[in-house]
Amino acid sequence: MGKDYRNEDGVSIMPLGDMRDFEVAEGYPDIRGWSVRSIDGTDVGKVHELLVDADSMRTRYLDLRLTSDMAATPGDRDVLVPIGAARLDESANLVILPLHKERIGLLPPYMHDRLTRVQEYEIRRHFSLGEAAAAADIGASTASRNFYDDEAFDDRRFFGARRDEKRAAVERPREIPASDERDVRIAVSPDDSVVLKRGQEGHDEIIIRRPAAG
């Protein structure tokens, strides 16, 4: 059995690398290993991993591994960045954060364990305004349900330049009993973070190509 990442609200935020048979969708860059730069032009680290909401299949965080100078501690130090707060520069294989390097150094360390709501509010506080008021509602059920209804967690903002072409995605191959090449069509919501193709009668469908059996 795999590691349990589910928090007290029943939400499972887990590394993409731990999600068996899932990967970044074709047509979108896998930014793991890309350099990350602060808004003041300092290289602060590299993208170590993507953290995905396993239920909604939306990418929520970038796991940023800080440079040794930024970490200021022995060994590796990782921090989390809400994906909608970052910006993508594909021309330079670069991710840009809206914080100065000093502020990035203040982000809480990510210990590669399950995230609690308290930890997530602390992370979001660095990237969103009005967090003092929001933090007061940590125990409220509405806060739990709507926690990710914040542009800082909208992965479509991160891939905004591609929004008119495709949507940011993680794609899951599915087993199909087929002896020849075929398409598997699975109806999804238009707001889901998957690669979409407009189907008949206005329905969005995910298309997964399977090669012919050898």
Point to revise | Which residues share a side-chain contact (heavy atoms from CB on, under 4.5 Å) with Asp30, sequence neighbours left out | key: Val24, Arg32
Review point. Taking only residues two or more places apart in sequence or in another chain, which ones pass salt bridge (Lys or Arg N to Asp or Glu O under 4.0 Å) with Asp53?
Key: Arg60
**Study point:** Under the side-chain contact (heavy atoms from CB on, under 4.5 Å) test, residues paired with Glu151 that sit two or more places apart
**Key:** Arg157
Study note, to complete from the structure: Sorted by chain and number, sequence neighbours left out, salt bridge (Lys or Arg N to Asp or Glu O under 4.0 Å) with Asp76 holds for Arg65
**Study point:** From CD1 (Ile13) to CG (Asn7), nearest 0.5 Å
**Key:** 7.5 Å
**Study point:** Ala152 versus Pro82, closest heavy-atom pair with distance
**Key:** O-CB, 3.1 Å
Exercise for review: Decide whether Tyr28 and Glu90 meet the rule of one side-chain donor and one side-chain acceptor closer than 3.5 Å.
Suggested key: no
Check your understanding: With Thr42, which residues qualify under side-chain contact (heavy atoms from CB on, under 4.5 Å), at least two apart?
Key -> Ser38, Asp40, Val44, Lys101
Practice item. With rounding to the nearest 0.5 Å, note down the distance linking CG in Leu66 to OG1 in Thr73. Key: 8.0 Å
Exercise for review: Please tell me if the side chains of Trp34 and Lys46 come closer than 4.5 Å, counting only heavy atoms from C-beta onward.
Suggested key: no
Check your understanding: For the side chain of Arg124 and the backbone of Tyr148, is there at least one donor-acceptor N/O pair under 3.5 Å apart?
Key -> no
Exercise for review: Output the distance between atom CG (Leu115) and atom CD1 (Ile123), rounded to the nearest 0.5 Å.
Suggested key: 5.5 Å
Practice item. With sequence neighbours excluded, tell me which residues meet side-chain hydrogen bond (donor to acceptor under 3.5 Å, both in side chains) with Gln119. Key: Thr116
Point to revise | Pairs satisfying ring-ring contact (aromatic ring centres under 6.0 Å, His included), at least one member in residues 81-107, at least two apart | key: none
Name each donor-acceptor pair under 3.5 Å that joins a side chain in residues 105-114 to protein atoms two or more places apart or in another chain, with its distance.
{"from": "His112", "atom 1": "NE2", "to": "Asp78", "atom 2": "OD2", "distance (Å)": "3.1"}
{"from": "Arg114", "atom 1": "NH1", "to": "Arg6", "atom 2": "O", "distance (Å)": "3.1"}
{"from": "Arg114", "atom 1": "NH2", "to": "Asp4", "atom 2": "O", "distance (Å)": "3.4"}

Revision key, fill the gap. To the nearest 0.5 Å, atom OG1 of Thr67 lies from atom CD1 of Ile104 at 9.5 Å
Exercise for review: Check the pair Val11 / Tyr5 against side-chain contact (heavy atoms from CB on, under 4.5 Å), numbers first and verdict last.
Suggested key: CA-CA 8 Å; Val11 178; Tyr5 288 96; over 6 Å; no
Exercise for review: Any chance you could lay out the side-chain contact (heavy atoms from CB on, under 4.5 Å) test for Arg58 and Asp154, step after step, and finish with the verdict?
Suggested key: CA-CA 8 Å; Arg58 301 289 294 272; Asp154 188 351; 3.2 Å; yes
Check your understanding: Does Phe22 reach the side chain of Leu16, with side-chain heavy atoms less than 4.5 Å apart?
Key -> yes
Review point. Between the side chains of Glu49 and Tyr61, does any donor sit under 3.5 Å from an acceptor?
Key: no
Review point. Atom CG in Leu88, atom CZ in Phe158: separation rounded to 0.5 Å?
Key: 4.5 Å
Study note, to complete from the structure: The reported gap from NE2 in His48 to CG in Asp63 (rounded to nearest 0.5 angstrom) is 5.5 Å
Point to revise | Side chain Asp155, main chain Thr59, donor-acceptor under 3.5 Å | key: yes
Review point. Under the side-chain hydrogen bond (donor to acceptor under 3.5 Å, both in side chains) test, which residues partner Ser68, sequence neighbours left out?
Key: none
Point to revise | Considering all heavy atoms, the nearest Phe127-Leu80 contact | key: CE1-O, 4.3 Å
Practice item. Dump the intermediate steps for salt bridge (Lys or Arg N to Asp or Glu O under 4.0 Å) on Asp18 and Lys3, then the final yes or no. Key: CA-CA 9 Å; Asp18 286 1; Lys3 187 174 182 178; over 6 Å; no
Check your understanding: Would you call Val95 and Arg37 a side-chain contact if the rule is heavy atoms closer than 4.5 Å?
Key -> no
Point to revise | Note, Met70 side chain near Arg77 side chain (heavy atom, < 4.5 Å) | key: no
Practice item. Report the residues that fulfil side-chain contact (heavy atoms from CB on, under 4.5 Å) with Asp89, sequence neighbours left out, ordered by chain and then residue number. Key: Ser91, Ala92, Leu94, Ile96
Revision key, fill the gap. Heavy-atom closest pair (Pro98 atom, Ala85 atom, distance to 0.1 Å) is CD-O, 3.1 Å
Check your understanding: Under the side-chain contact (heavy atoms from CB on, under 4.5 Å) criterion, do Leu50 and Ile31 qualify, and how do the steps go?
Key -> CA-CA 9 Å; Leu50 304 176; Ile31 63 170; 3.9 Å; yes
Exercise for review: Keeping to residues at least two apart or across chains, list the ring-ring contact (aromatic ring centres under 6.0 Å, His included) pairs with something in residues 67-95.
Suggested key: none
Exercise for review: Start with the C-alpha gap between Leu99 and Val81, add the side-chain angles, then the distance that decides, and say whether side-chain contact (heavy atoms from CB on, under 4.5 Å) holds.
Suggested key: CA-CA 10 Å; Leu99 302 180; Val81 176; over 6 Å; no
Practice item. Kindly give the heavy-atom pair with the smallest separation between Ser12 and Asp55, and that separation in Å. Key: N-OD2, 4.1 Å
Practice item. Please state whether the rings of Phe147 and Phe153 are parallel, tilted or perpendicular, taking 30° and 60° as the class boundaries. Key: tilted
